[in-house]
Amino acid sequence: MSKICFETGIDRLNWTVDTRIDDALEFILTNTGSRQGCLLALKSHYYAKSLLSWFKDGDLEQLRQHAYTSAKLDRLYTQRASSEWQGAFCHFMALISDHEPLISWHSQFISPLYRVTGGKAVRNRVGCPEYHAFQAILALQGKWDLLGERAEYILANPPGQKMAKYQIDQEFYLALAKGDVPAMEQVLNSLTGPKAKKCGDQKNAGTAISFCVFQHLQLGFKL
């Protein structure tokens, strides 16, 4: 199984940034083509530019500026697709931008997490990614009691193998809910130590997964 490495992540980001966005801009300006498709292309472009600004150039200001642009485009897209699942890290660019109004908006966007299957909300099913996404929302909203209760529950009732790798997130959320700084530091350190697990395999890797440790660290530090 081919593992993702730093160079592979940089290559994928460069490919995304090099993809022409002129057509997407023209379609939006002239109100032609697929507006949603254009917004997706543009937000992905600035998402990649944001990460490249840091990992390639070490430019914190540009990291935040491009993250702000990506998060704004994501908000425009989401407002027209309010029930569409955006992924557990959909608020990542808003957090990196350090722009409080954007962070606040994303922390309140929870409509996709109200999907129900088998008579039970997916956000309460430990085997569903929505469970983890809702934990991040609770952390952003500062609802520590509920965040801690849910973290304790999933740690005591672990999900299947597919979602088991995210249990470390719950360890962090539990420490966060308790205000246990040493425990939070221990979790973050475990993600950067020599025994840290690799991030996903090649066929499932996206731009975000290429930098999953960075995401965990940034989300942890921001929260």
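Note: Leu174 CG to Glu152 CD = 5.0 Å, rounded to the nearest 0.5 Å. Separating the CG atom in Asn124 from the CD atom in Glu130 is a distance of 10.5 Å, to the nearest 0.5 Å. With rounding to the nearest 0.5 angstrom, the CG atom of Leu40 is 14.5 Å from the NE2 atom of His45. With values rounded to the nearest 0.5 angstrom, Leu176 atom CG is found 11.5 Å from Gln170 atom CD. Atom CG of Asn189 sits about 7.0 Å away from atom CD of Glu185, to the nearest 0.5 Å. Between the NE2 atom in His132 and the CG atom in Asp169 there is a gap of 7.5 Å [rounded to 0.5 Å].
Put simply, the side chain of Asp57 never gets that close to the backbone of Asp59: no donor and acceptor are under 3.5 Å apart. Put simply, the side chain of Gln62 never gets that close to the backbone of Trp54: no donor and acceptor are under 3.5 Å apart. Under a 3.5 Å cut-off, the side chain of Thr16 and the backbone N or O of Arg12 do form a donor-acceptor pair. A distance-only check finds a donor-acceptor pair linking the side chain of Ser107 to the backbone of Ser104 [under 3.5 Å]. The closest donor-acceptor contact from the side chain of Ser50 to the backbone of Leu63 lies under 3.5 Å. When atom types are taken as modelled, the side chain of Ser70 and the backbone of His66 share no donor-acceptor pair closer than 3.5 angstrom. With hydrogens and angles disregarded, no donor-acceptor distance shorter than 3.5 Å links the side chain of Gln167 to the backbone of Pro158.
Nearest heavy atom pair, residue His106 against residue Ala94, reads CD2-CB, 3.5 Å. When every heavy atom of Ala183 is checked against every heavy atom of Ala175, the shortest pair comes out as CB-CB, 3.6 Å. In this structure, Asn14 and Lys56 approach most closely via the heavy-atom pair OD1-NZ, 3.6 Å. Heavy atoms only, all atoms of each residue included: Asp74 and Lys43 are closest at OD1-NZ, 2.5 Å. When all heavy atoms are compared, the tightest approach of Cys38 to Phe27 is SG-CB, 3.6 Å.
For Asn157, the CG atom sits in a packed shell: over 12 heavy atoms of surrounding residues, nucleotides or ligands are nearer than 6.0 Å. For CD of Gln79, the number of neighbouring non-hydrogen atoms (other residues, nucleotides, ligands) closer than 6.0 Å is greater than 12. Within a 6.0 Å sphere centred on CG of Asn31, heavy atoms belonging to other residues, nucleotides or ligands number 12 at most.
Taken together through direct or relayed side-chain contacts under 4.5 Å among Ile, Leu, Val, Met, Phe, Trp and Tyr, Met93 and Tyr77 form parts of separate hydrophobic clusters. Cluster annotation: Ile137 is connected to Leu146 through the hydrophobic network of ILVMFWY side chains, with a link wherever side-chain heavy atoms come within less than 4.5 Å. Under the 4.5 Å side-chain heavy-atom criterion for Ile, Leu, Val, Met, Phe, Trp and Tyr, Trp105 and Leu39 are members of distinct hydrophobic clusters. Under the 4.5 Å side-chain contact rule for hydrophobic residues, Tyr47 and Leu76 do not share a cluster. Each of Ile21 and Trp15 belongs to its own hydrophobic cluster when Ile, Leu, Val, Met, Phe, Trp and Tyr are linked at side-chain heavy-atom distances under 4.5 angstrom.
In terms of the side-chain contact (heavy atoms from CB on, under 4.5 Å) criterion, residue partners of Pro129 (sequence neighbours excluded) are, by chain and number, Trp85, Met163. Scanning for side-chain contact (heavy atoms from CB on, under 4.5 Å) contacts around Thr69 gives Tyr46, Gln65, Leu73, with sequence neighbours left out.
The closest side-chain heavy-atom distance from Arg35 to Ile28 is below 4.5 Å. Residues Ile154 and Tyr173 form no side-chain contact, since every pair of their non-hydrogen atoms from C-beta on lies 4.5 Å or further apart. The closest side-chain heavy-atom distance from His99 to Ile103 is not below 4.5 Å. The shortest side-chain heavy-atom distance between Gln141 and Gln108 falls under the 4.5 Å cut-off. Between Leu102 and Leu95 the shortest side-chain heavy-atom distance does not fall below 4.5 Å. Considering only heavy atoms from C-beta on, Tyr131 stays 4.5 Å or farther from Arg123 through its side chain.
Cation-pi contact between Arg150 and Phe134: absent, since separation from the ring centre below 6.0 Å together with deviation from the ring axis within 45° is not met.
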